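Here's the structure, in C-alpha cells; my notes come after.
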Amino acid sequence: MTPTKPAYDRILLKLSGESLLGRKAYGIDFRTTQFLAHEIREVQNLGVQVAVMIGGGNIFRGLKGSEAGMDRASADHMGLLATVINGIALQDALEKAGCVTHHASALEIRAVAEPFIRRKAVSNLEKGRVVLFTAGLGSPYFTTDTAGALRALEVRARVILKATKVDGVYTADPMLVPTARKFKTIRFTEFLKRGLKVMDATAVSLCRDNNLPIIIFSLKKGHIKKAVLGEPIGTRVY
Ligand code: UDP
C-alpha cells in the first residue's frame, strides 16, 4: 500500500544547477523552474517543512574558471553568484505556484536576498515558508553539496534529498560504465571508501559524523514526494 503520511517533517532538498537546465545546455529553463516549484508545493501540501539548497553548475563552476587560469577564489565567487541567480528564478516560480518563500544567501546581497541567520531560517520553516539557501557557504573551495549538508544540520532537517540526473548511487558512473550496479542502500563509510562521485565526499562525511541520512534519486515527476513518503526510491546513504 502506498503510504500517505510523510516519513520526515523537515527536509533539505539539494538541487543542482543542472536541474534547472531542462533541455538547454546552459542557463535556466523557465518551464523547468515551474515544474520544480510544483513538485515542492506538492510536498509542502503534505505538511512537510522544506528547505532547498540550490547549486550553480548550469551557469558557472569555479573549477572551470580556475582551469582556464583564473584565481580559484575569484572563480568560486562567480559560482556562488550563479547560485543566487538560480535562487531568484526558483523563488519567483515558487511564489507563482502559491508558496511563501524566504531566500537566505550566505553572501550579503541585501537587495536580493536576506543574509543567512540560522534562527530566522528555522522560524521561517516553522511558519511553513519554503526556505531557499543560496551562495553555498559563502566561501570558496566548497560545493553546494557540502553547504546543503551543513544547512540541513543547522536547521535540523531529518534527511537530505539529493535530486540529480542519475537514479541513485552506482558502483561506477552508469553513463560511462554500462555494467554499473545500483545500490538500494549504502553505508556512508562504504560510499567514501569507494570514492563515489555522485555526492561530494566532504558532504558525505559531515552527514556520517552527524547521522544524517541522504537519499539520492533522479528528478522526475513525483519523485520528491515519493522520497518524502518513505517509498523506496533511488539510493539511501546512511
Ligand atoms: N561554491 C563555492 N562555495 C560553496 C558552494 C559553491 O565556492 O560553498 C561555488 C563553486 O565555484 C561551485 C559553484 O559555486 O562550482 C556552484 O556550486 P556547485 O558546483 O556545488 O553547484 P551544482 O553542481 O550543485 O550545480
Side-chain angles (χ1 to χ4, degrees), residues 11-29 32-33 35-36 39-40 51-91 93 103-109 112-113 115-118 121 131-155 157 160-166 168-169 173 175 196-207 214-219 223-224 234 237:
I11 62 161
L12 184 130
L13 176 66
K14 166 66 213 298
L15 293 175
S16 64
E18 281 177 353
S19 63
L20 270 56
L21 279 175
R23 286 169 193 270
K24 291 178 155 196
Y26 175 85
I28 300 170
D29 175 60
T32 303
T33 54
F35 160 76
L36 290 170
E39 294 294 289
I40 292 169
V52 183
M53 171 63 71
I54 183 124
N58 55 324
I59 299 173
F60 195 80
R61 279 210 175 87
L63 215 50
K64 275 222 163 141
S66 76
E67 279 164 9
M70 255 192 103
D71 175 72
R72 172 72 191 266
S74 299
D76 277 341
H77 281 137
M78 290 175 66
L80 286 169
L81 290 173
T83 73
V84 179
I85 293 176
N86 285 336
I88 298 169
L90 189 59
Q91 181 177 35
H103 179 172
S105 165
L107 279 179
E108 287 223 8
I109 180 162
V112 170
F116 169 69
I117 297 167
R118 190 186 72 84
V131 173
L132 274 172
F133 293 125
T134 61
L137 294 173
S139 300
Y141 295 96
F142 286 102
T143 66
T144 50
D145 277 355
T146 301
L150 179 67
R151 293 290 184 253
L153 290 166
E154 285 183 285
V155 303
I160 296 179
L161 302 184
K162 181 175 159 85
T164 179
K165 277 186 301 188
V166 284
V169 180
D173 184 343
M175 311 262 188
L196 298 170
K197 295 278 180 266
V198 60
M199 189 152 187
D200 185 283
T202 313
V204 175
S205 66
L206 196 57
C207 290
I214 307 164
I215 302 171
I216 301 178
F217 59 98
S218 61
L219 189 48
H223 279 194
I224 303 173
V237 190

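In listed order, ligands and their atoms are each counted from 1. Owing to the predicted nature of the structure, the values given are computational and were not obtained by experimental measurement.
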- Given that the side chain starts at C-beta and the backbone is N, CA, C, O, which of these parts of K14 lies under 4.0 Å from ligand 1, counting heavy atoms, or is it both or neither? side chain
- H103 and F133, any side-chain heavy atoms less than 4.5 Å apart: no
- Task: For the residue pair K14 and T144, confirm or rule out a side-chain donor-acceptor distance under 3.5 Å.
- Result: yes
- In the protein, which heavy atom is nearest to atom 23 (O) of ligand 1, and how far is it? R61 NH2, 2.7 Å
- Message: Applying side chain to side chain contact (heavy atoms under 4.5 Å, CB included), can you list everything that pairs with L196, at least two apart in sequence or on another chain?
- Response: V169, F183, I186, F191, R194
- Message: Using a 4.0 Å cutoff against the non-hydrogen atoms of G55, which atoms of ligand 1 qualify?
- Response: 21 (O), 22 (P), 24 (O), 25 (O)
- Message: Polar contacts were defined as any N/O atom of the residue lying under 3.5 Å from an N/O atom of the ligand; does this apply to N58 and ligand 1?
- Response: no
- Decide whether the shortest distance between a heavy atom of L80 and an atom of ligand 1 is less than 4.0 Å. yes
- Item | Nearest atoms (heavy-atom pairs only) where Y26 meets I59 | CE1-O, 3.3 Å
- Of all the heavy-atom pairs spanning M175 and V166, show the shortest one and how long it is. CE-CG1, 4.1 Å
- With respect to atom 18 (P) of ligand 1, which of I54, T144, L137, T202 exhibits the smallest heavy-atom separation? T144
- Item | Protein contact to atom 9 (C) of ligand 1 [nearest heavy atom, distance to 0.1 Å] | D76 O, 3.6 Å
- Task: Write down the atom of H77, the atom of P140, and the distance for their closest heavy-atom approach.
- Result: NE2-CD, 4.1 Å
- Message: Need the ligand 1 atom indices (1-based, order shown) with element for anything under 4.0 Å from a heavy-atom of S139.
- Response: 2 (C), 3 (N), 4 (C), 7 (O), 8 (O)
- Item | Check ion pair D173-K197 (N to O, under 4.0 angstrom) | no
- Which residue pairs satisfy the side chain to side chain donor-acceptor pair (under 3.5 Å) criterion with at least one member in residues 65-75, sequence neighbours excluded? D71-S74, R72-D76
- Contact with ligand 1 for H77, non-hydrogen, under 4.0 angstrom: no
- Please report the shortest heavy-atom distance between I109 and S105, naming the atom on each side. CG2-OG, 3.6 Å
- Message: Tell me the protein heavy atom at minimum distance from atom 6 (C) of ligand 1, and give that distance in Å.
- Response: F142 O, 3.5 Å
- Here the atoms of ligand 1 under 4.0 Å from any heavy atom belonging to G17 are 22 (P), 24 (O), 25 (O)
- Note on the structure: Heavy-atom proximity to atom 15 (O) of ligand 1 ranks first, among G79, S16, G56, G62, for G62
- Message: Closer than 4.0 Å to some heavy atom of G57 - which atoms of ligand 1 meet that?
- Response: 21 (O), 22 (P), 25 (O)
